[in-house]
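In this text the structure is predicted, and so the values were computed from the model without any measurement.
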Amino acid sequence: MEFPIGLLVIGASLAFVIWLIARTNSAARRIAELTVQQTYLEQELARLRRRLDAAEGSIVAKRPSKPAPVPRATEGMSPVTGREAELRPSPPPPIRPMEATPVAPLLTPPAIPPPPVMVPREPSRAGPTIWDTINWEQFLGVKFFAWIGGLALFLAVVFFVKYAFEHNLISPALRVAAGFLVGVGLLGGGALLHRREQYTVGAQALCGTGVVILYATTYAARSFYSLIGAVPAFVLMILITAAAFLLAVRFNALVVAILGLCGGFLTPVLLSTGQDNPLGLFGYLAFLNAGLLAVALHKRWDFLALMAAVGTVAMQLGWVAEFFVREKYFEGNKVLIAAAVFLAFCVLFLAAWLWARRRNASNAWLTVSAIALTAVAMLFSIELLGYEPLGQRPGLVFSYVLLVDLCLLVFPWLEQKLAGVHLAAGVAVFLVLALWTWEHVSGDLLYWALALCFVFALLHAALPLMFRHLRPSRAAPNWERVFPPSAILPFLLLVLVVTRLPLADPSPVFGLAMLLSVLFLGLTRMSPPSWLPAVGLGCVLVLVHVWHFRQFTADAAAAPLSWYLGFTLLFTGFPFLFWRRFANQIVPWATAAPRRF
């Protein structure tokens with residue numbers, strides 16, 4: 001009894017799809033008829049209004065006329081006598097003049113007040129949202145049910161295949177061949193049906209269903225029956241994904257593109273062999289993302305970029321969770337493979353953003369996607385610091401961090417509205433540095449810590465000056481007001497260093513503090529913020545007091561006292577060197593007041 005029921009389900013599903021297509025065609029014809037009728041009624045209404053205006057004008061123009069004058073006899077006319085008088089009719093009696101009667105004024109119809117003028121509301125400055133651009137009537141009345149029909153057809157095929165699997169009605173090879181034939185047939189049928197405009201939606205539903213069936217059949221042939229190897233199955237899924245993208249572009253079918261995207265990212269998961277192959281996996285993902293970004297930019301389906309970024313991040317995190325520890329990527333130089341995986345997709349999405357910007361096709365979806373992928377790459381550096389072997393190799397880890405940081409700095413360099421990315425990148429870098437300092441810094445790594453602190457502080461401090469001097473026409477970004485507080489971060493790293501390490505001689509740390517102070521005072525000389533000297537002075541005071549009360553001894557007092565004197569001379573003499581620049585400013589002179597370190 002189960003086999004007839006399965007056939008009944010399949011037949012009912014096919015009938016339902018056919019009925020939906022017929023209803024779609026009927027609805028389209030009915031809409032066309034109603035459009036014609038509406039046009040005719042509008043023309044008839046305009047004609048009646050013209051006739052009514054003409055009738056009102058004739059009534060107003062009509063007025064009563066005066067009686068014609070009566071002719072009188074004039075002198076010189078011959079009198080009538082004899083036979084002529086008898087034959088000639090007697091003249092009519094004289095007409096007495098009629099008294100003029102008052103004529104009632106013509107009643108005019110009362111004026112009809114004009115209809116109230118509907119003043120449209122001012123549109124929102126934010127512009128229409130993505131939901132306002134959707135024709136919900138057409139979506140729910142046509143596309144929605146067509147997609148449901150495609151889903152019903154897909155489920156019918158799945159149930160039939162499942163029934164055949166359970167009862168062994170046909171051989172595995174024949175089952176797979178039937179699945180491929182059905183999928184290819186649906187794609188071909190959708191391509192043929194798309195030639196007729198009234199069947200566009202149904203054609204897209206058939207193509208989407210064919211793509212899903214081909215994915216499912218390939219997965220079954222590889223995982224259930226082992227009829228094909230991993231490499232042929234992988235190649236087949238690549239071809240199916242490429243065909244889905246081509247059909248989406250050719251038929252303007254967004255649903256086919258979304259199905260191709262989902263199937264493309266599920267392919268490695270469904271066909272996983274449990275073995276680590278980062279080159280094959282992420283090479284395939286790079287190919288998939290390149291195709292998706294090309295389709296998204298060509299058809300202006302901008303949100304596909306964000307979907308691609310989400311799928312890429314999911315695959316990256318899944319690979320790290322599955323293979324990073326098992327394959328011991330934290331040992332030796334294998335970590336370079338993991339770093340390349342994250343950096344490659346940062347560069348790919350950054351290149352897509354640059355290309356779109358060059359073609360004036362940049363959009364918020366692509367911008368968010370590129371920045372999000374770079375932010376995930378920065379977060380991966382925190383994962384790397386969780387392993388002791390990598391924590392002892394700061395040059396390798398922070399070279400990776402520097403490359404990711406440079407990718408982030410491209411955005412504020414080219415787009416002024418993204419200037420806040422610079423501040424966020426600086427905070428993220430110094431948080432990673434602080435974590436490494438707290439967990440892994442030692443006496444042997446002291447100079448690494450100081451060098452990294454200076455390099456990143458110089459990079460993020462010099463960028464505002466480069467903005468100002470290389471692009472003077474651009475307005476000063478708002479984040480420059482927030483930059484002085486962010487200058488505290490390098491000094492906080494130095495405070496962490498003196499807290500974690502026993503330093504009888506603070507010369508390395510105080511030497512770097514002196515360089516940072518000179519850097520910030522130079523920024524005050526070259527840029528508007530005049531309270532950087534106060535920020536630098538406060539940071540130096542905190543650093544000196546933390547070291548002094550923890551590690552100062554009278555036996556080794558010469559070196560720290562020399563540094564105290566150097567800081568005093570620096571902050572006291574700075575405003576005198578540039579007294580014309582700071583003549584009318586209070587903060588630089590207040591920092592130069594006599595003080596004791």
Side-chain angles (χ1 to χ4, degrees), residues 211-212 214-216 218-219 222-223 230-231 233-242 244-245 248 257-296 301-330 334-353 365-384 386-387 400 403-404 407:
V211 169
V212 175
L214 288 175
Y215 276 125
T218 305
Y219 171 69
R222 170 68 184 93
S223 300
V231 175
F234 196 75
V235 172
L236 278 175
M237 292 240 179
I238 291 177
L239 294 176
I240 296 169
T241 304
F245 290 159
I258 294 176
L259 289 174
L261 182 148
C262 296
F265 279 103
L266 287 175
T267 295
V269 179
L270 298 177
L271 300 178
S272 176
T273 60
Q275 298 178 357
D276 183 29
N277 184 14
L279 181 61
L281 173 62
F282 292 105
Y284 164 75
L285 289 179
F287 167 79
L288 178 63
N289 277 285
L292 276 171
L293 292 172
V295 172
W301 295 333
D302 301 326
F303 66 93
L304 288 181
L306 184 59
M307 295 180 67
V310 171
T312 301
V313 170
M315 297 300 296
Q316 288 175 334
L317 298 181
W319 175 79
V320 170
E322 182 70 20
F323 298 108
F324 192 83
V325 175
R326 194 179 80 180
E327 300 296 330
K328 297 182 179 180
Y329 277 94
F330 51 85
K334 291 185 68 175
V335 69
L336 295 176
I337 298 176
V341 164
F342 284 86
L343 276 174
F345 288 98
C346 293
V347 174
L348 176 62
F349 274 77
L350 178 60
W353 181 78
W365 297 96
L366 182 56
T367 303
V368 171
S369 302
I371 295 176
L373 270 173
T374 314
V376 171
M378 182 67 73
L379 291 176
F380 180 63
S381 64
I382 299 178
E383 171 70 15
L384 296 179
Y387 301 92
Y400 166 78
L403 292 175
V404 176
C407 289

**Report entry** Minimum heavy-atom distance Leu281-Pro268, with the two atoms named
**Finding:** CD1-CB, 3.5 Å

**Report entry** Criterion side chain to side chain contact (heavy atoms under 4.5 Å, CB included) on Trp301 and Ile258, from CA distance to verdict
**Finding:** CA-CA 10 Å; Trp301 295 333; Ile258 294 176; over 6 Å; no

Query raised in the report: Is there a donor-acceptor pair under 3.5 Å between the side chain of Tyr400 and the backbone N or O of Leu336?
Result: no

Report task. Would you sort out whether Asp276 and Glu322 count as a side chain to side chain contact (heavy atoms under 4.5 Å, CB included), showing the intermediate values? Result -> CA-CA 9 Å; Asp276 183 29; Glu322 182 70 20; over 6 Å; no

Query raised in the report: Say you draw a straight line from CD1 of Ile371 to CZ of Phe349; how long is it, rounded to the nearest 0.5 Å?
Result: 13.0 Å

Report summary line: Heavy-atom nearest pair, Cys407 first then Thr374, reads CB-CG2, 4.0 Å

Report task. Can you see which heavy atom on Ala296 is nearest to which on Asp302, and at what distance? Result -> O-OD1, 4.1 Å

Query raised in the report: Looking only at heavy atoms, what is the nearest atom pair of Tyr329 and Pro278, with distance?
Result: OH-CG, 3.6 Å

Query raised in the report: Nearest 0.5 Å, what's the CZ-CG distance between Phe282 and Asn277?
Result: 10.0 Å

Query raised in the report: Which class fits the ring pair Phe380 and Phe324: parallel under 30°, tilted 30 to 60°, perpendicular over 60°?
Result: perpendicular

Query raised in the report: Run the side chain to side chain contact (heavy atoms under 4.5 Å, CB included) check on Leu403 and Phe342 step by step: do they pass?
Result: CA-CA 11 Å; Leu403 292 175; Phe342 284 86; over 6 Å; no

Report task. Using a cut-off of 6.0 Å, state whether more than 12 heavy atoms not belonging to Lys328 lie near its atom NZ. Result -> no

Requested in this report: Could you tell me the separation between the CG atom of Leu304 and the CZ atom of Phe245, rounded to the nearest 0.5 Å?
Outcome: 8.0 Å

Report task. Report the distance from atom CE of Met307 to atom CG of Leu292, rounding to the nearest 0.5 Å. Result -> 8.5 Å

Query raised in the report: Less than 4.5 Å apart, any side-chain heavy atom of Leu266 and any of Tyr215?
Result: no

**Report entry** Ile240 CD1 to Leu214 CG distance, which is reported to the nearest 0.5 Å
**Finding:** 4.5 Å

Query raised in the report: Would Asn289 and Phe345 satisfy side chain to side chain contact (heavy atoms under 4.5 Å, CB included), going step by step from the backbone distance to the final call?
Result: CA-CA 9 Å; Asn289 277 285; Phe345 288 98; 3.6 Å; yes

Requested in this report: Look up atom CH2 in Trp319 and atom CD1 in Ile337, then write down how far apart they are to the nearest 0.5 Å.
Outcome: 7.0 Å

**Report entry** Contact summary for Arg326 and Gln275, nearest pair of heavy atoms
**Finding:** NH2-CA, 4.5 Å

Report summary line: Between Val341 and Gln316, the two heavy atoms sitting closest are O-NE2, 3.6 Å

**Report entry** pair Leu366-Leu293: side-chain heavy atoms closer than 4.5 Å
**Finding:** yes

